[in-house]
Amino acid sequence: MLCAAAPVHKSSRVDLEHMPPKALTITSFFRAELPLWVSIATALLFLLFGSQWLSGFANVAWLVLVFVWLFATILWSAFAVVRHADCLAIRLGEPYGTLILTFSVISI
């Protein structure tokens with residue numbers, strides 16, 4: 001889901017204060033924040049079953065599967081953080097937007 005206020009040119013900049021609020025349903029919220037839910041589910045699964053799953057690294061296929069799963073989850077979550085930071089940067093403008101983008105990338 002892209003930020004609603006991403007201007008193409010300065011002359012076509014969207015005034016966020018005069019925009020009507022978007023209707024947010026529970027399904028659209030869960031769909032928009034899917035990386036968050038996948039990250040939470042991954043963390044909970046590794047909290048519950050991690051010791052058993054990490055002991056089976058003698059099997060190379062299992063090692064590759066766990067690595068790809070964790071790498072994809074971290075990468076997807078990082079892109080979601082940058083997407084949110086970009087929307088905040090657009091809303092707040094300079095210099096706060098640049099600071100938010102910088103801090104989000106550094107924290108990742």
Side-chain angles (χ1 to χ4, degrees):
M1 185 164 117
L2 295 174
C3 189
V8 178
H9 296 92
K10 285 188 176 185
S11 62
S12 66
R13 187 172 202 139
V14 177
D15 189 11
L16 294 176
E17 295 175 4
H18 295 68
M19 287 180 59
K22 290 184 179 179
L24 185 67
T25 63
I26 193 75
T27 55
S28 66
F29 173 74
F30 279 109
R31 193 176 316 128
E33 300 301 328
L34 191 60
L36 173 67
W37 308 119
V38 170
S39 299
I40 290 173
T42 298
L44 288 175
L45 286 172
F46 270 88
L47 183 66
L48 295 174
F49 306 110
S51 61
Q52 298 161 356
W53 290 350
L54 297 177
S55 65
F57 281 162
N59 184 358
V60 176
W62 181 250
L63 173 68
V64 169
L65 177 72
V66 170
F67 174 78
V68 168
W69 176 16
L70 289 176
F71 184 76
T73 302
I74 290 170
L75 194 63
W76 195 19
S77 298
F79 279 116
V81 167
V82 171
R83 178 178 50 92
H84 283 291
D86 188 40
C87 286
L88 280 174
I90 290 170
R91 287 183 183 264
L92 296 176
E94 288 292 332
Y96 301 115
T98 303
L99 287 171
I100 288 174
L101 283 169
T102 303
F103 288 144
S104 67
V105 170
I106 288 172
S107 66
I108 290 171

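Position 1 is the first residue of the sequence, and the numbers go up from there. Bear in mind that the values here come from a model prediction, so they are computed numbers and not experimental data.
Distance CD1/I90 to CG/L101: 8.5 Å, rounded to 0.5 Å. With rounding to the nearest 0.5 Å, the separation of CG in L65 from CG in L70 is 9.5 Å. Rounded to the nearest 0.5 Å, atoms CD1 (I40) and CG (L45) are 12.0 Å apart. The CG atom of L54 sits 10.0 Å away from the CG atom of L63 when rounded to the nearest 0.5 Å.
Counting all heavy atoms, side chain and backbone alike, G97 lies closest to L92 at N-CB, 4.4 Å. In terms of heavy-atom proximity, A85 sits nearest to S104 at CB-OG, 3.4 Å.
When hydrophobic clusters are built by joining Ile, Leu, Val, Met, Phe, Trp and Tyr residues whose side-chain heavy atoms come closer than 4.5 Å, directly or via intermediates, W62 is grouped together with L48. Note: the hydrophobic cluster containing F49 also contains V66 (ILVMFWY, side chain heavy atoms under 4.5 Å, direct or indirect links). L88 and Y96 fall within the same hydrophobic cluster, defined by Ile, Leu, Val, Met, Phe, Trp and Tyr side-chain heavy atoms under 4.5 Å apart, directly or through other members.
For the ring pair (Phe, Tyr, Trp, His ring centres under 6.0 Å) condition, the pairs that include at least one residue of residues 68-89, sequence neighbours left out, are F46-W69, W53-W69, F67-F71.
Under a cut-off of 6.0 angstrom, the local environment of CZ in F57 is crowded, with over 12 non-hydrogen atoms contributed by other residues, nucleotides or ligands.
Judged purely by atom type and a 3.5 angstrom limit, T102 uses its side chain to pair as donor or acceptor with the backbone of T98.
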